[in-house]
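Below you'll find the structure, written out as structure tokens, and then a few comments.
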Number of protein chains: 2
Amino acid sequence: MSSRSTREIITAVADQLFYERGFEAASFASIASEVKISRGNFYYHFKTKNEILEAVIAKRIADREALLQGWAEAFPPEDRIRCFIGILITNQSKIMTFGCPVGTLSAELAKLNHPALDQANELFTVFRTWLRQQFEALGFAGQSDALAMHLLMRSQGVAALANAYKDAEFVRREAEAMSLWLDQQIAVLPPATSPLSPLEQQKED
Amino acid sequence: MSSRSTREIITAVADQLFYERGFEAASFASIASEVKISRGNFYYHFKTKNEILEAVIAKRIADREALLQGWAEAFPPEDRIRCFIGILITNQSKIMTFGCPVGTLSAELAKLNHPALDQANELFTVFRTWLRQQFEALGFAGQSDALAMHLLMRSQGVAALANAYKDAEFVRREAEAMSLWLDQQIAVLPPATSPLSPLEQQKED
DNA sequence: GTCTATACAGCGATAGAC
DNA sequence: GTCTATCGCTGTATAGAC
């Protein structure tokens, strides 16, 4: 079990360093020194750097799914979407310094033509699918995926410019605009198009 | 003059490779082999990799300024903004493969804590300032910068998701949504708030 | 399971011949 | 202005002692 624990520690440290410095720039030496094991010992737990990356992505996916699942259990669909928008505010300090963990990794791996790129993009899909389900629960039958992509797009754009300009007021303003956009979408929702009763919608996720 | 020409060739090749592979992953060897000069000879033209990066960013800024200047001379403010939105369509193939040249460089240099980061972010500002001027010319006095940032944000978000999902239909749809958004902004523009006559607006840039 | 020692490739950068 | 040769460093990865 000590081995499993060390593996988890390495994964957690690598997760952080891949985020803060980028996958390529984060060296084995930097991870090993942070975990406080020797570089050689490293390879007992992971054979290659790509193996660590895969473990990090799997951890990120699991973390996000747990977060979204928690919201799905605690709130009705509309509020769940507002929780997603709220990530920009909650994490704004880290986003302004290092960008979005999902977007920056995906962009880096795309340039490297890295074999784990699809896995990294799956992280986007975790949010996309979850958002789509919330819009479906609200009754946006045919447009749910487009709406999910639109919200995801705006969160990526805000993260990119927040990282460049480090402007908290901009982030706040755009998060509010996203919330307003959601209001407008719901306001023009034709009530008859929903095949589910409001009660059934609540249960959906 | 042959030296200047070689320098320009190196800069152009580095520009492309930095875009396609990322700054760190694009090695001297790869640039040299593309330019068809030896690695050693390289250092006659640029003493360090950072010098090449600075030259590349300066070139990108000059290129973009020329592009925007051309639009400013050819179209009225509203159409200029639509030209900006059109970049997403014009460059969609490259964006889907390599992402946005401005956003991906800025994100990479931010993680590397690179000294040229501010210079790279200046590329954002070229677009931001130009867009702000167009909104000002349209009469959006106090909101012009916020509107410019909003458009820039959306273009960054679209580029990020286009890169991940390589979905041309998504890009087309969101570009249209941006154009529609512009319509709506202009529709609610209070005509009295503009301090400039329509004629003077046309001349502004 | 953890360590030291080391192989080997590739990087940015330099020196000096032509 | 271009070349070859080479340095010093760091990167991933391996071998083998403890």
Side-chain angles (χ1 to χ4, degrees), chain A residues 1-57 104-105 108-109 111-117 119-120, chain B residues 1-58 105 108-109 111-117 119-120:
Chain A
M1 289 306 115
S2 161
S3 138
R4 242 200 122 235
S5 170
T6 303
R7 205 187 141 92
E8 282 171 2
I9 294 170
I10 292 174
T11 306
V13 167
D15 185 4
Q16 188 188 339
L17 287 177
F18 287 175
Y19 175 41
E20 296 180 358
R21 306 188 190 179
F23 168 68
E24 232 195 353
S27 67
F28 272 25
S30 66
I31 301 171
S33 100
E34 194 87 10
V35 180
K36 277 163 192 136
I37 62 170
S38 74
R39 262 181 310 164
N41 184 17
F42 220 96
Y43 291 82
Y44 174 80
H45 303 281
F46 293 96
K47 283 193 179 64
T48 68
K49 199 182 185 183
N50 289 352
E51 266 187 34
I52 306 178
L53 177 59
E54 282 171 25
V56 166
I57 297 176
T104 54
L105 180 66
E108 182 180 1
L109 297 186
K111 299 225 183 215
L112 296 174
N113 251 315
H114 196 282
L117 173 60
Q119 230 178 312
Chain B
M1 291 305 112
S2 163
S3 139
R4 243 199 125 237
S5 171
T6 304
R7 205 187 141 93
E8 283 172 1
I9 294 169
I10 292 174
T11 305
V13 168
D15 186 6
Q16 189 187 341
L17 286 177
F18 287 175
Y19 175 40
E20 296 180 357
R21 305 188 191 180
F23 169 68
E24 232 195 352
S27 67
F28 272 26
S30 66
I31 301 170
S33 103
E34 194 86 11
V35 181
K36 277 162 192 140
I37 61 170
S38 73
R39 262 180 310 161
N41 185 19
F42 219 95
Y43 290 82
Y44 174 79
H45 302 282
F46 293 96
K47 282 192 178 67
T48 67
K49 198 181 186 184
N50 288 353
E51 266 187 35
I52 307 179
L53 177 59
E54 282 170 25
V56 166
I57 296 176
L105 181 65
E108 182 180 2
L109 297 187
K111 299 223 185 220
L112 296 175
N113 252 315
H114 196 283
L117 173 60
Q119 229 177 313

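First the proteins, then the strands, lettered A, B, ... as listed; each starts at 1.
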Inset, instruction - Identify the heavy atoms of A25(A) and L112(B) that sit nearest to each other, and give their distance. - result: CB-CD2, 3.7 Å
Legend entry - Spacing between L53(A) atom CG and dA13(D) atom P, to the nearest angstrom: 12 Å
Legend entry - Euclidean distance, atom CD1 of residue I37(B) to atom P of dC3(D) [Å, nearest integer]: 7 Å
Legend entry - Atom pair CG (L17(A)) and CD (E34(A)), whose distance is rounded to the nearest 0.5 Å: 5.5 Å
Legend entry - Approximate separation, where rounding is to 0.5 Å, of S30(A) OG and F18(A) CZ: 8.5 Å
Legend entry - Nucleotide dG11(D), atom P - distance to CD1 of I31(A) in whole Å: 11 Å
Legend entry - Atom pair CG/NE2 of N50(B) and H114(B) - distance to nearest 0.5 Å: 3.5 Å
Inset, instruction - Quickly work out the Y44(A) OH to dA13(D) C1' distance and round it to whole Å. - result: 18 Å
Legend entry - Any side-chain heavy-atom pair of L105(A) and V56(A) under 4.5 Å: no
Legend entry - Nearest-Å distance for atom pair CZ/C1', residues F42(A) and dT12(D): 11 Å
Legend entry - Which atom of R7(B) lies closest to which atom of A55(B), heavy atoms considered: NH2-CB, 4.4 Å
Inset, instruction - Treat primed atoms plus P, OP1 and OP2 as sugar-phosphate and everything else as base, then score nucleotides 11-18 of chain C 5' to 3': B for base contact with protein heavy atoms under 4.0 Å, S for sugar-phosphate contact only, - for none. - result: SSBB----
